There are 2 protein chains.
Amino acid sequence: MRGVSIVEVAPRDGFQAVGPFIPTAEKIGIVRALHAAGLRRMEVTSFVGRAVPQLADAPQVLAAALELPGLDAQVLTPSRKHAERALAAGARHVAFFLSASAPHNLNNVRRTPAESVRDYAEIAAMLPAGVKLRLNIATAFDCPFAGAVAPGVVLDLLDALLALEGNAEVALCDTTGRAAPGRVAALFRAAMARFPRVPGWAFHGHDTYGMGAANAFAAWSEGVGVIDAAAAGLGGCPFAPGATGNAATEDMVWMFEGMDVATGVDLPRLLEAGRAVAALPGAQTGGRVREALRAAATAA
Amino acid sequence: MRGVSIVEVAPRDGFQAVGPFIPTAEKIGIVRALHAAGLRRMEVTSFVGRAVPQLADAPQVLAAALELPGLDAQVLTPSRKHAERALAAGARHVAFFLSASAPHNLNNVRRTPAESVRDYAEIAAMLPAGVKLRLNIATAFDCPFAGAVAPGVVLDLLDALLALEGNAEVALCDTTGRAAPGRVAALFRAAMARFPRVPGWAFHGHDTYGMGAANAFAAWSEGVGVIDAAAAGLGGCPFAPGATGNAATEDMVWMFEGMDVATGVDLPRLLEAGRAVAALPGAQTGGRVREALRAAATAA
């Protein structure tokens, strides 16, 4: 049976949601612990500078990640300027993102989707040979401002993007966690049929409404081989105080290994790394497997 | 698109896990509120007498449920003696259960699986015309004592049971919550292929490891039309203190309606009933949708 590749996003998507600054050495320690647990893809940081003070140490964190054997360390780059900084710091994998929903894109990166399409083309054009590109479509199912996003909007946006540069892994992101698994499956099915030359598909989900595992399973069942998740479910949603954030890596590893789908991750070591993540001051955590295994161990 | 029928099990599976006695009038009030939310199938009680003092008021609760228009009220009956009491009290739908795993069956009903097969035949033989029968296979995927249960064990057990009485809805139950969705899908696929004359299939899942929604989606995707769930995720697992119990009805309704699969349930009214369930002293609750919608309403 084919395996699954989990992209650990706690060091970027997760840390970004944490208020108190996490000392750089602690960030690097967590990146190393996650790598030691077997994770070989990680979104390690973003060069967004003053916009997100938590990630001001992007060059140091990236440098440490690039030393880890076999780690594919991706860097989130919302514009050309950020991509330049990332490349100058040695990034070998950049992840561009834009939102399918116009109000979310304006709010998030202060650009219309059409402007972001041009940014994507610029970034793609400036990448040296061998640097990998990922294309994240945020709010691909649902927008915090506009509600449900029609599949046609996403497919048309991909038409425009992939005509400019088709050699990128494409991630469809359930930014709000409000997608249901049937919709996740249907959008991937439609997108894969329309864009058969995309080299790889990924799913990024949130567990706010308890659909993290169901949506990842639905995506995987359609042939998606790359699933984003954050250790300890680290994250948070600014539009829903108290709601949890990213799908938990522990839950994803538990689910896929329980289906005999290899993840390459050692669950006990991941649980250890997840405990360090959950212990960060200001951490909003989620997922069920950490607690369930702790309770089972207590009862035994 | 075909709909889904949700069997609300909080009044039996959920209440049974609550320590302090819930006054009979309060139980009946919750059954009525769940019915008012649109739920038309409910496991309302069990005639287990002194073994479970929480359900000592089974005759009164069943009588109240039988008055609700359009409600298919099922009663859990682990043996002939219990079925006699249920029928005497007017039950029109009895649900037998046994465990696929021998140690769990011995622990739970003090019988070997072979003895339970005979009990099933006895109960089936004594049912008056028009009384419906459900067959629950507990630990169909995993046993708290013996670990993973091989699919062949379940299929062989169904061979024996269905040869004696084939006119029953069959529920495969993930008692521990440790099944992964790929295994749930695979077992239903195998069982449906081997027993094509079974009139209906159901799935009963727990959310202890965060797989409640994923497993229900997997079952539904294979053609399962009946899904068990408990309002507010009421339940609990005696083998994992602090772990949550049944899949939450709110999460199931949210998921299926989000896929345009009709449930017949009014979510705002269900949330109201779920709040009453969650407020029961000693209630162990679960699920994500209740909290996420509350947080979203607070933020708006």
Side-chain angles (χ1 to χ4, degrees), chain A residues 1 141-142 144 148 176-186 206-218 220-221 233 236-244 247-248 250-261 286-300, chain B residues 1 141-142 144 148 176-186 206-218 220-221 233 236-244 247-248 250-261 286-300:
Chain A
M1 195 186 280
F141 304 91
D142 181 83
T176 62
R178 293 198 297 218
R183 289 195 187 279
V184 171
H206 284 241
D207 197 36
T208 314
Y209 291 79
M211 299 297 131
N215 287 343
F217 172 71
W220 186 84
S221 297
C237 175
F239 305 103
T244 59
E250 294 88 340
D251 293 20
M252 294 299 107
V253 170
W254 168 271
M255 176 173 79
F256 285 112
E257 294 288 342
M259 292 161 52
D260 290 331
V261 174
R288 295 282 321 141
V289 166
R290 275 184 318 127
E291 276 174 59
L293 289 178
R294 182 162 47 204
T298 308
Chain B
M1 195 186 282
F141 304 91
D142 181 83
T176 62
R178 292 198 298 218
R183 289 195 188 279
V184 171
H206 283 241
D207 196 36
T208 313
Y209 291 79
M211 298 297 130
N215 287 342
F217 172 70
W220 186 83
S221 297
C237 175
F239 306 103
T244 59
E250 293 88 340
D251 293 21
M252 294 299 108
V253 170
W254 168 271
M255 177 173 79
F256 285 112
E257 295 288 342
M259 291 160 53
D260 290 332
V261 174
R288 294 286 318 145
V289 165
R290 275 184 316 127
E291 276 175 57
L293 289 177
R294 183 163 47 203
T298 308

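Every chain is numbered from 1 and lettered A, B, ... according to where its sequence line falls, protein lines coming before strand lines. In this text the structure is predicted, and so the values were computed from the model without any measurement.
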Q: With chain B as the partner, which of A:Pro181, A:Gly212, A:Ser221 has the greatest number of non-hydrogen pairs under 4.5 Å?
A: A:Pro181
Q: Taking all non-hydrogen atoms of both residues into account, name the closest pair between A:Ala214 and B:Met255 and its distance.
A: CB-SD, 4.5 Å
Q: Which bit of A:Arg290 comes within less than 4.5 Å of chain B, counting heavy atoms only: side chain, backbone, both or neither?
A: neither
Q: Return the orientation label for the B:Tyr209 and A:Trp254 ring planes: parallel under 30°, perpendicular over 60°, tilted otherwise.
A: parallel
Q: State, to 0.1 Å, how close B:Ala213 and A:Gly210 come at their nearest heavy-atom pair, and which atoms those are.
A: CB-O, 3.7 Å
Q: If you round to the nearest 0.5 Å, how far is CE of B:Met259 from CE of A:Met211?
A: 9.5 Å
Q: Taking side chain as everything from C-beta outward and backbone as N, CA, C, O, which of these in A:Ala218 sits under 4.5 Å from a heavy atom of chain B? Side chain, backbone, both or neither.
A: both
Q: NE2/B:His206 to CZ/A:Arg288 distance, rounded to the nearest 0.5 angstrom?
A: 12.5 Å
